[in-house]
Amino acid sequence: MGNELDSMCGISDEELTERFKEAIRIDNEMKKIKGAPIAGYDTKGKQAYLEYADGRRRYAGEE
């Protein structure tokens, strides 16, 4: 059973999630092309980072 918004728009939670993931993937590809850093999260280190076009990562809190 969907929520009220789903019934109004006719989009399931699963479809909305897939569309969101695809939008993020496209945005990240555009950033790579432009050479802009991409935000990410290291699940092992439990820390946010920016990944640059050259492959280096700068973790949150680093100078």
Asks: To the nearest 0.5 Å, what is the distance between CD on Glu51 and OH on Tyr59?
Replies: 8.5 Å
Asks: May I ask you to decide whether Lys31 forms a salt bridge with Asp27, counting only side-chain N to carboxylate O separations under 4.0 Å?
Replies: yes
Asks: Say you draw a straight line from CG of Leu16 to CD1 of Ile11; how long is it, rounded to the nearest 0.5 Å?
Replies: 6.0 Å
Asks: As an exercise, state the distance from CD1 of Ile33 to CG of Asn28, rounded to the nearest 0.5 Å.
Replies: 11.0 Å
Asks: Quick one: list whatever passes salt bridge (Lys or Arg N to Asp or Glu O under 4.0 Å) with Glu14, sequence neighbours left out.
Replies: none
Asks: Nearest heavy-atom pair of Tyr49 and Arg57: which atoms, and what distance?
Replies: OH-NH2, 3.3 Å
Asks: Just verifying a value: how many Å separate Arg19 CZ and Glu15 CD, rounded to the nearest 0.5 Å?
Replies: 4.5 Å
Asks: Give the minimum heavy-atom separation between Pro37 and Leu50, together with the two atoms involved.
Replies: CB-CB, 4.1 Å
Asks: Taking all atoms of both residues into account, what is the closest heavy-atom pair of Tyr41 and Ala48, and its distance?
Replies: CD1-N, 3.7 Å
Asks: So, using side chain to side chain donor-acceptor pair (under 3.5 Å) as the criterion, who are the partners of Gln47 when residues are at least two apart?
Replies: none
Asks: In terms of side-chain geometry, is the basic nitrogen of Arg56 or Asp54 positioned less than 4.0 Å from the acidic oxygen of its partner?
Replies: yes
Asks: Where do Ala53 and Gly35 come nearest, in terms of heavy atoms and distance?
Replies: CB-CA, 4.3 Å
Asks: Begin from the C-alpha positions of Glu22 and Ile26 and carry the test side chain to side chain contact (heavy atoms under 4.5 Å, CB included) through to its verdict.
Replies: CA-CA 6 Å; Glu22 184 64 9; Ile26 291 168; 3.9 Å; yes
